[in-house]
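Remarks on the structure that follows.
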Amino acid sequence: MSLTKEQIAQRIAKELKDGYYVNLGIGIPTLVANYIPKGMNVVLQSENGLLGMGPFPYEGEEDADLINAGKQTITTVPGSAFFDSAMSFGMIRAGKVDLTVLGAMEVSEQGDIANWKIPGKMVKGMGGAMDLVASAKNIIVAMMHTNPKGESKLLPACTLPLTGTKCIKKIVTEIAVLDVTGNGFKLLERAPGVSVEEIVSKTAGKLTVEGEIPEMQF
Amino acid sequence: MSLTKEQIAQRIAKELKDGYYVNLGIGIPTLVANYIPKGMNVVLQSENGLLGMGPFPYEGEEDADLINAGKQTITTVPGSAFFDSAMSFGMIRAGKVDLTVLGAMEVSEQGDIANWKIPGKMVKGMGGAMDLVASAKNIIVAMMHTNPKGESKLLPACTLPLTGTKCIKKIVTEIAVLDVTGNGFKLLERAPGVSVEEIVSKTAGKLTVEGEIPEMQF
Amino acid sequence: MNKTYKNAEEAVADIKDGSVLMLGGFGLCGIPENCIAALVKKGPRQLTCISNNAGVDDFGIGLMLKQKQVKKMISSYVGENAEFERQLLSGELEVDLIPQGTLAERIRAGGAGIPAVFTPAGVGTEVAEGKETRVFKDKEYLLEYAFDADFAIVKAWKGDTDGNLIYKETARNFNPLMAMAGKVTIAEVEELVAPGELDPNQVHTPGIYVHRIFQGVNYEKRIEQRTVRKNV
Amino acid sequence: MNKTYKNAEEAVADIKDGSVLMLGGFGLCGIPENCIAALVKKGPRQLTCISNNAGVDDFGIGLMLKQKQVKKMISSYVGENAEFERQLLSGELEVDLIPQGTLAERIRAGGAGIPAVFTPAGVGTEVAEGKETRVFKDKEYLLEYAFDADFAIVKAWKGDTDGNLIYKETARNFNPLMAMAGKVTIAEVEELVAPGELDPNQVHTPGIYVHRIFQGVNYEKRIEQRTVRKNV
C-alpha cells in the first residue's frame, strides 16, 4: 500500500540524527518536522534567516515579522537565532546544514534534480533551491514516484530544466526508499505491501535490486 | 616657521565637513580628532570594528574590550555601532568612508604611497593600510616633508615598497599643503613664515607653483 | 548631518524614471511599505527592481507592477503575483531570476566593495549559460558580479537619527545587505529614536550606510500564509 | 547534541602537531585566553596560526611563539613582539602578511562557501606578486582565495549551550568570521547560559557554526595601550 504524504515524512524523519541542522523544503518536507523523535535535538533552518524554527503559532499569536521560507507564520524555539540572507546562504554554501529535504519533479539516475521550471508554464523562480542543491552534502528528495500522468519521475536523465547536477543522495517516495549511487538508483526499502515489481515498473532510470528488499519500518 | 604636529592636525581638520565619516591613522592623523570644529558632526571609524569613536576614557574607566585600531583604550559617542572586521573593511572598500588620513614614509608625484616596510628592517605588516589606500576616495597624508636625514619624502617615485598606487590626493606637512595632480605635486599653501623657496628645495618630485602661495590660516 | 526625513514622500522625491532600486523584504515580510506607497503615488516608471520577490497583486511591489512602473525585476521567486505573470507573458516586463543565495551574495558583494565572487549555485543549469566557470578544489563555480543600486530602500524595526538600524526577527532578510549596497540608502523604521538610545552592540546596520531615515506610519504588515495550530 | 565542554583543556585536547588554527582577536582584545593557555600547556607544535596579530612577548599568541609551537603566522600586523622578530630573522618562523581587510574577507569567504573573491588591496604592490589580477569597471583587483582552518578558536562575551554567541564591543573583530570558517569551531565565553536566555535577534554567531563551547575562567583581558584623559 502506498504511503501517505505524512508517512513519507515519517520515513524521512528516521534519517535524522541528534544534533542535526536541517533545512526542510516546502510541501512534504515541511511535514518531517512533525516526526522528529522525542528527545532528539534537531534544529530547523529556514533560509529566510532563522535557525531554531518552532511549530505554527497558536491562533491570535501570529507575528508578521516571523515567517518561514514558505511565507508561513511560525514560532521559534529556545536557542534560536536570526540572521540576514547572506549569512543564511553562507551557512548553506559552507556545508553547515547537515540534511536538506526537498521536493522534486524529476530525479535522474546521476542524481540530477529538476524542480523549478516547466517549459511553457509561468516560471516562478528557483528561490533558494539551486543554492541548496549546489552545496548541501546530504540531500533527500521527498516526492511521488510518478507524475499525475503516471510517468516515472526517476529517470535516466531529467527532461525538465535542471536545478542542480549530481547532488541527490537519497529518495523517499510513496512506494520506495532509494539511494542514488554511482551506478544509478538502488532500491533500499519498499512501502508495506508494495512489490518490488511495482517499483521496478515505475522506475524509468537504471535501478539495482539486490537481494531481499525489506519493507519500511515505522 | 614649521608647524608642530598638532598644527598639522589642526590644518587637516579644516578639510572636514559636516556628516563626514573619517578614518584616522596612527600618529599625527589621530590628533585630527582634537580639532573637529564645534558643532560639526564628524563620525570616526576605527577599522577594528567601531563607528563613533569618542575620546580616551577617564582614568579608571578603561575597558579592555573597547580599543581603537592603534590598540588604545577609547570610548564611544552616542550613535556608535560595533561590527566585525569583514563589515569594517567592507565599508572601507565600498567607499563609504568620506576621508582617510594617514602617515607616510614617502609619497610620489603620481600619488603612490609607501608607509609599511623598510627593506632590511623588521617587517611589522601592513595592517589595514593597503585596504584603506586601495579603496578610499579621499586620502590625505599627514607627514614631515623630509626624513630624519633631511631627504625629501615627496619624490618622483617611491624608493620603498609601495602600500598603494595613484591614491593620494592631498598632503599636509610641517611646511606645506599640496595637492597631487595628474601633473605632479601642486603647492597650495605654505606654513606661516616658510618661504616657497624652502618648500621647493625640500620637494624632490615635480612641483608646480602657480601665482601667490598663501600662508595657512588656522 | 541631517539624515532625518519627514516621511516617505520626501525620502523618495528624487527617484526618477529608469532608476535601479533595491527593495528589502522576503515575501511581504520586512518590506518598505511606506516607500512603496510613496513610489506608487509619485509614479516613476521604467524602474529596475532588485528584490527577492515581487509582492502580491495588491500589496508590496505588486502595487508598482499594477501601475506598470517596473521595467525589470531581478528576483529569486516571483510566484505569488498574477499581474506579474500577465505582464511577463505579454512582454511588458523583463525578469532576471537568480538563485536566492547568489542574489544575497551579489548584493552583499556590492555593499562590501567586492566586484565579483565565485558561487556554486546553478552550475550545470541554465543559470550558468554564458557565465564564466572555474574549478576550485574539484568543484565547479560560477563567476557572479556584484549588484549595486541607485537607491536601496529598506525597512527596519528601530532606527536612530544617525541611521543605525535594528531589524526584527525574520524581517531582517535582505534588508541589511541592500542597506550596504545603495548609492543612496533610504530606511523606513517603525520607531525612530535619538542617537544613544540603541545599544551599539546590537546595531545590525551601522549608520554609515544609511543616507535617509524616517519613521513610517500605518504599517499593515500583511501576512501571506497565516498558519496556526489550535489552542489547546 | 552536547557542545558543552568542561574547560579549555578538554576543548583543545585533539589539536595535533601541524594543525591549521584560526585565533580570534585584534591585538590582545577579544583573544581566546583560556584556549591559548591550554595549547601552551598541551604543546602541539608546527602550528599554522591565522590571526590578525601575533600577541605580545608574554601574552596571547606570543606565549605559543615563545614555546616554538608556531611554524607559520598568517597575519596583517605582527609588530608588537620581539620573540616573533627573533624567530623570523633566524628562519625558525614563516610569516605571511596579508592586508587586514583582505584577511577578513578571505576568512569570511571560507565561512560562506565562497572559494575566491576579488579585492583591490595590494594592487601594484609586492602583495600582488604572483597573483591573478582582473579589471572590473576600470579598476584593478586581485583574486584572493578563501581561508579555512582545522580549528577556529574564538572568544565571545556570552554564549548558550547551543553555541549561539554574542561579542562585546570591539572584542568582536575577527571572532565571528573565524567562527564561520572552522572545520571545528571552539568558543570560549565569559558567561555560558541556557538556550533561550539570549535574545535571538541579538545573536552575532548562530550556534550552527559552533561545535564546542565552554565558560572560560580568570580572564586577564590585558590592555596593550592604556590611554586615558585626566579626570576633570
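Chain naming here is simple, since letters A, B, ... match the order of the sequence lines and numbering starts at 1 in each.
Put simply, CZ on B/Phe89 and CZ on D/Arg108 are 16.0 Å apart, with the number rounded to the nearest 0.5 Å. B/Asp63 CG to D/Lys168 NZ: the interatomic distance, rounded to the nearest 0.5 Å, is 4.5 Å. The line from CG of B/Leu132 to CD of D/Gln100 is 8.5 Å long, rounded to the nearest 0.5 Å.
Most heavy-atom pairs under 4.5 Å with chain B: of the set D/Ile223, D/Asn175, D/Asn173, D/Asn81, this distinction falls to D/Asn173. Heavy-atom pairs under 4.5 Å with chain D peak, among B/Leu162, B/Thr163, B/Asp65, at B/Asp65. When D/Ala121, D/Ala104, D/Ser76, D/Ala54 are compared by the number of non-hydrogen pairs under 4.5 Å with chain B, D/Ser76 comes out ahead. No other option in B/Ser88, B/Gly128, B/Gly49 has as many heavy-atom pairs under 4.5 Å with chain D as B/Gly128. Counting heavy-atom pairs closer than 4.5 Å to chain B, the top-ranked of the candidates D/Gly30, D/Gly79, D/Gly124, D/Gly27 is D/Gly79.
The one candidate from B/Leu66, B/Asn68, B/Thr76 that meets the side-chain contact (heavy atoms from CB on, under 4.5 Å) condition with D/Thr170 is B/Leu66.
In terms of heavy-atom proximity, B/Ser85 sits nearest to D/Leu177 at CB-CD1, 4.1 Å. D/Val127 and B/Met126 get closest at one heavy-atom pair: CG2-CE, 3.7 Å. When all heavy atoms are compared, the tightest approach of B/Arg93 to D/Gly101 is NH2-O, 3.2 Å.
For D/Asn52, no part sits under 4.5 Å from any heavy atom of chain B, backbone or side chain.
Checking side-chain atoms of D/Thr227 against main-chain N and O of B/Thr73 turns up a donor-acceptor pair under 3.5 Å.
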